[in-house]
Amino acid sequence: MNGNSSRNGNVGGFSNAEWELIRRYHRTEPAENQCTSQLVKRIKAPVHLVWSLVRRFDQPQRYKPFVSRCVLKGNLEIGTLREVDVKSGLPATTSTERLELLDDDRHILSMRIVGGDHRLKNYSSIISLHPEIIDGRPGTLVIESFVVDVPEGNTKDETCYFVEALIKCNLKSLADVSERLAVQDRTEPLDRI
């Protein structure tokens, strides 16, 4: 799911098409004390359906399993803050997050963590959705990237591993919820349309 290992001899373990999307929408310039990574997930549901979940900055708990509650401070617009309560079992209970970008045309959402009782300092992420055909049906390629400070006492590898594990859980849950909704939507195969 992530691009840290080599696969098929492609750049960073990504296909050429994936790498082009990462280069275009997920540019990161980590400082010396930061780590960064990009993760890819294919979802057997059309982009509009997956985007309807991702774009809800005010309701991350619809697909993020570690979020128990979210309170939006203001309208759903750039700069809006949300207060997120984290479920027990993680080394945090709250997170304050700011919406940096919400592009309904290109299906891109970016957020930044600006507070909370956790160790994810200077965390920012970008998630982008791209249409593709999966098993003859409309599907979605999801790419999520992040940059975060490496906490004192941890290595870059440890920090990236932890954040990647959280994102992988979120992306798996996004796929599960989206694919369940797609079955209910009964999207027809393209060769029958």
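All values derive from a computational prediction rather than experimental measurement.
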Value rounded to 0.5 Å, distance of OG in S95 from CG in D117: 8.5 Å
Rounded to the nearest 0.5 Å, how far apart are OG of S178 and CH2 of W51? 12.5 Å
pair I126-L109: side-chain heavy atoms closer than 4.5 Å: no
Just so I know, are the side chains of I127 and H107 near enough to count as touching, which here means a heavy-atom distance under 4.5 Å? no
Roughly how far, to the nearest 0.5 Å, is CD1 of I22 from CZ of R27? 12.5 Å
Let's go through L53 and L174 carefully: what are the C-alpha distance in whole Å and the side-chain angles of both, what is the deciding distance for side-chain contact (heavy atoms from CB on, under 4.5 Å) to 0.1 Å, and is it a yes or a no? CA-CA 8 Å; L53 295 167; L174 177 62; 3.9 Å; yes
Whether R56 side chain and S52 backbone form a donor-acceptor pair below 3.5 Å: no
Linking I/L/V/M/F/W/Y whenever their side-chain heavy atoms sit closer than 4.5 Å, directly or via other members, would F162 and L171 fall into one cluster? yes
For the residue pair P65 and N170, establish whether any side-chain heavy-atom pair is separated by less than 4.5 Å. yes
Got L72 and T80 here, is their nearest side-chain heavy-atom distance under 4.5 Å? yes
Could you see if L81 belongs to whatever hydrophobic cluster contains I78? Use Ile, Leu, Val, Met, Phe, Trp, Tyr and a side-chain cutoff under 4.5 Å. no
In the single-linkage hydrophobic clustering (I, L, V, M, F, W, Y; side-chain heavy atoms under 4.5 Å), do L120 and V150 co-cluster? no
Are V71 and F66 co-members of a hydrophobic cluster defined by side-chain heavy atoms under 4.5 Å apart? no
Would you check if the distance from the ring center of Y25 to the ring center of H130 is below 6.0 Å? yes
Using the six-membered ring wherever Trp is involved, compare the ring planes of F14 and W19 and label them parallel, tilted or perpendicular (cut-offs 30° and 60°). parallel
Report the distance from atom NZ of K168 to atom OG of S173, rounding to the nearest 0.5 Å. 16.0 Å
In this structure, CG of L102 is separated from CD1 of I108 (nearest 0.5 Å) by 10.5 Å
Could you pull out the closest heavy-atom pair between S68 and K87, with the gap in Å? CB-CG, 3.7 Å
Salt bridge (charged side-chain N to carboxylate O under 4.0 Å, His left out) between R42 and E18, intermediate numbers included: CA-CA 11 Å; R42 284 179 167 71; E18 292 167 348; 2.8 Å; yes
Quick one: does V67's side chain get under 4.5 Å of V86's, heavy atoms only? no
Donor-acceptor contact below 3.5 Å, side chain S110 vs main chain S125: yes
For P151, give me all partners under side chain to side chain contact (heavy atoms under 4.5 Å, CB included), at least two apart in sequence or on another chain. R119, N154, T159
Are V84 and T94 packed together at the side-chain level, in the sense that at least one heavy-atom pair is separated by less than 4.5 angstrom? no
For the residue pair I167 and E164, establish whether any side-chain heavy-atom pair is separated by less than 4.5 Å. no
Are any of the side-chain heavy atoms of L49 and P46 separated by less than 4.5 Å? yes
Y161, Y123: one ILVMFWY side-chain cluster at the under-4.5 Å cut-off? no
Looking only at heavy atoms, what is the nearest atom pair of L76 and F57, with distance? CD1-CB, 3.5 Å
Sorted by chain and residue number, the salt bridge (Lys or Arg N to Asp or Glu O under 4.0 Å) partners of R180 (sequence neighbours excluded) come out as none
Pairs in or reaching into residues 62-84: which pass salt bridge (Lys or Arg N to Asp or Glu O under 4.0 Å), with residues at least two apart or in two chains? R69-D85, R82-E97
Output side-chain donor-acceptor pairs under 3.5 Å for residues 138-148, partner residues at least two apart or in another chain, one line each.
unit_1	atom_1	unit_2	atom_2	d
T140	OG1	A45	O	2.7
T140	OG1	V47	N	3.1
S145	OG	H26	ND1	2.7

Using every non-hydrogen atom in the two residues, find where E20 and R23 come nearest and quote the distance to one decimal. OE2-NH2, 2.6 Å
Set of side chain to side chain contact (heavy atoms under 4.5 Å, CB included) partners for A31, sequence neighbours left out: N33, Q34
I'd like to know whether D135 forms a salt bridge (charged side-chain N to carboxylate O under 4.0 Å, His left out) with R137, so could you lay out the CA-CA distance, the side-chain angles of the two residues, the decisive distance to 0.1 Å, and finally the verdict. CA-CA 6 Å; D135 297 335; R137 294 180 183 270; over 6 Å; no
For the CG atom of L181 and the CD1 atom of I43, what is their distance to the nearest 0.5 Å? 11.0 Å
Counting heavy atoms not belonging to K44, are there more than 12 under 6.0 Å from its NZ? no
Partner set under salt bridge (Lys or Arg N to Asp or Glu O under 4.0 Å) for D176, not counting sequence neighbours: K172
Between the side chains of E100 and R98, is the shortest nitrogen-to-carboxylate-oxygen separation below 4.0 Å, so that they form an ion pair? yes
